Amino acid sequence: MTLSERLTDWGHYLSNGVLRVMGRLLRLLPYDRRVHFGGWLGRNVLMRIPAARKRVERNLTRIMPELDAEQRRTLGRGVGDNFGRVLVEEMMMEDVIADPARFRISGPGWPLLQERAAEGKGAILATAHFGNWEGLRTSARDAGVPIGGVYRAHNNPYYNEDFVATLRVLNENAFSKGRSGMRDLLRFLKRGGIVAILVDQKQSRAPLIPFLGHPAETTLSAAKLARSLDIPLIPVCSSRAEDGLSFDSIVAAPIPVGTEEEMMRAVNDQLSAWIRAHPEQWFWFHRRWR
């Protein structure tokens with residue numbers, strides 16, 4: 001390991017150590033105060049970071065040009081609030097899921113999902129960085145429908161280890177993006193597993209498909225898997241309720257079978273509708289559009 005690599009490794013180790021210490025300190029507070037503190041942190045610290053604030057406001061200007069500067073700032077604070085809450089919730093997932101009353105699930109596709117789980121048949125759930133997307137997996141888990149997850153490995157290996165451990169609190173089936181993870185994911189789906197995939201981030205050189213009304217490079221992987229395995233592709237979301245602590249998950253009707261691009265267009269349309277209904281709950285920090 002070169003000196004540069006060692007310094008980078010130490011940086012990763014120390015930064016993750018800070019997060020672990022912060023998590024331990026937060027656990028001294030009652031649960032609701034921890035999550036509300038995360039919201040305060042997101043509003044008053046994260047959204048004061050120039051790069052974060054500018055990216056959010058740039059995206060909001062693109063998608064909602066009718067908003068004036070003050071409206072964008074107010075909405076940006078809401079985005080920061082939700083993001084801060086998610087960060088805290090990720091640090092203590094065992095506590096988040098300890099109270100089933102925090103999670104509710106409904107929607108036209110929910111009976112089908114229950115039926116497929118009972119029969120050992122697979123499904124692909126297409127979701128977004130909205131509310132807290134793990135609310136859907138928690139709601140379904142409490143109702144006897146286990147759902148695996150797909151994740152992108154973080155550059156910090158120490159944080160990534162903690163992150164994956166958090167995912168496996170909800171379900172031991174967590175698959176990293178990449179060749180090895182894809183092989184495991186295919187085996188899981190062929191055995192009748194159900195998996196949720198976040199499809200709202202940019203994938204370079206992917207087809208341009210409208211998202212929130214603007215062309216966006218959109219991965220086709222969820223539709224490809226659904227078509228190749230002859231299993232339903234179902235949009236889902238988990239929005240944060242007004243109390244800031246509980247979640248309402250929705251399972252939409254399955255997407256009609258068509259070409260991969262047609263199916264992902266329908267997914268993007270449904271995700272866009274949910275985001276427009278509660279724009280403060282989507283992660284506008286993404287570089288989603290060219």
Side-chain angles (χ1 to χ4, degrees), residues 35 38-39 41-43 45-47 49 51-67 69 71-90 96 103-105 107 125-139 149-152 196-203 206 208-219 222 234-252 264-290:
V35 179
L41 200 68
R43 294 191 308 273
V45 178
L46 176 65
M47 289 309 297
I49 299 173
R53 185 183 69 251
K54 288 178 181 178
R55 189 180 301 167
V56 169
E57 292 190 357
R58 183 168 59 247
N59 283 335
L60 289 174
T61 299
R62 176 193 293 266
I63 303 304
M64 291 182 275
E66 70 278 9
L67 299 181
Q71 289 172 319
R72 285 196 300 273
R73 280 193 292 270
T74 299
L75 182 49
R77 283 171 58 82
V79 172
D81 180 276
N82 184 67
F83 183 78
R85 290 172 187 267
V86 171
L87 288 179
V88 168
E89 288 160 350
E90 281 191 354
V96 176
F103 302 93
R104 298 168 291 274
I105 190 166
L125 308 182
T127 190
H129 293 84
F130 177 82
N132 189 330
W133 48 99
E134 300 298 4
L136 182 282
R137 294 208 301 150
T138 303
S139 300
V150 177
Y151 67 94
R152 177 177 293 172
I197 303 177
L198 292 154
V199 299
D200 60 328
Q201 286 183 301
K202 175 181 176 181
Q203 178 173 304
L208 288 170
I209 298 174
F211 181 71
L212 288 168
H214 288 259
E217 291 172 309
T218 300
T219 177
I234 306 174
V236 298
C237 78
S238 183
S239 61
R240 190 179 298 276
E242 289 188 8
D243 61 13
L245 301 169
S246 61
F247 302 91
D248 293 291
S249 296
I250 300 175
V251 183
M264 291 310 301
R265 178 183 289 266
V267 167
N268 277 2
D269 287 347
Q270 178 60 82
L271 296 178
S272 295
W274 284 328
I275 292 167
R276 286 190 180 277
H278 297 282
E280 75 284 355
Q281 296 199 32
W282 188 59
F283 281 25
W284 293 87
F285 304 98
H286 293 160
R287 292 188 178 92
R288 188 66 184 94
W289 298 274
R290 287 181 177 177

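Small disclaimer: the values here were computed from a predicted structure and weren't measured. Residue numbers start at 1 and run along the sequence shown.
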Exercise. Any side-chain heavy-atom pair from V56 and F285 closer than 4.5 angstrom?
Worked result: yes
Exercise. What heavy-atom pair brings V86 and G131 nearest, and what distance separates the two atoms?
Worked result: CG2-O, 3.3 Å
Problem set entry | Residues R240, E89: salt bridge by 4.0 Å N-O rule | yes
For this session: Under the salt bridge (Lys or Arg N to Asp or Glu O under 4.0 Å) rule, what do D269 and R265 come out as? Steps first, then yes or no, please.
Result: CA-CA 6 Å; D269 287 347; R265 178 183 289 266; 5.9 Å; no
Problem set entry | side chain to side chain donor-acceptor pair (under 3.5 Å) partners of residues 271-283, not counting sequence neighbours, each pair once | D200-W282
Exercise. Does NZ or CZ of R288 come closer than 6.0 Å to the centre of the six-membered ring of F211, within 45° of the ring's axis?
Worked result: yes
Exercise. Would you say T127 and I197 make side-chain contact, with heavy atoms under 4.5 Å?
Worked result: no
Problem set entry | Beyond-backbone contact of K202 with H286, side-chain heavy atoms, under 4.5 angstrom | no
For this session: Give, for atom OG of S239 and atom CG of N132, the distance between the pair rounded to the nearest 0.5 Å.
Result: 11.0 Å
For this session: Compare all side-chain heavy atoms of M47 with those of R73 and state whether any distance is below 4.5 angstrom.
Result: no
Exercise. According to the salt bridge (Lys or Arg N to Asp or Glu O under 4.0 Å) rule, which pairs have a member within residues 129-138, sequence neighbours left out?
Worked result: E134-R137
Exercise. Would you say L212 and N59 make side-chain contact, with heavy atoms under 4.5 Å?
Worked result: no
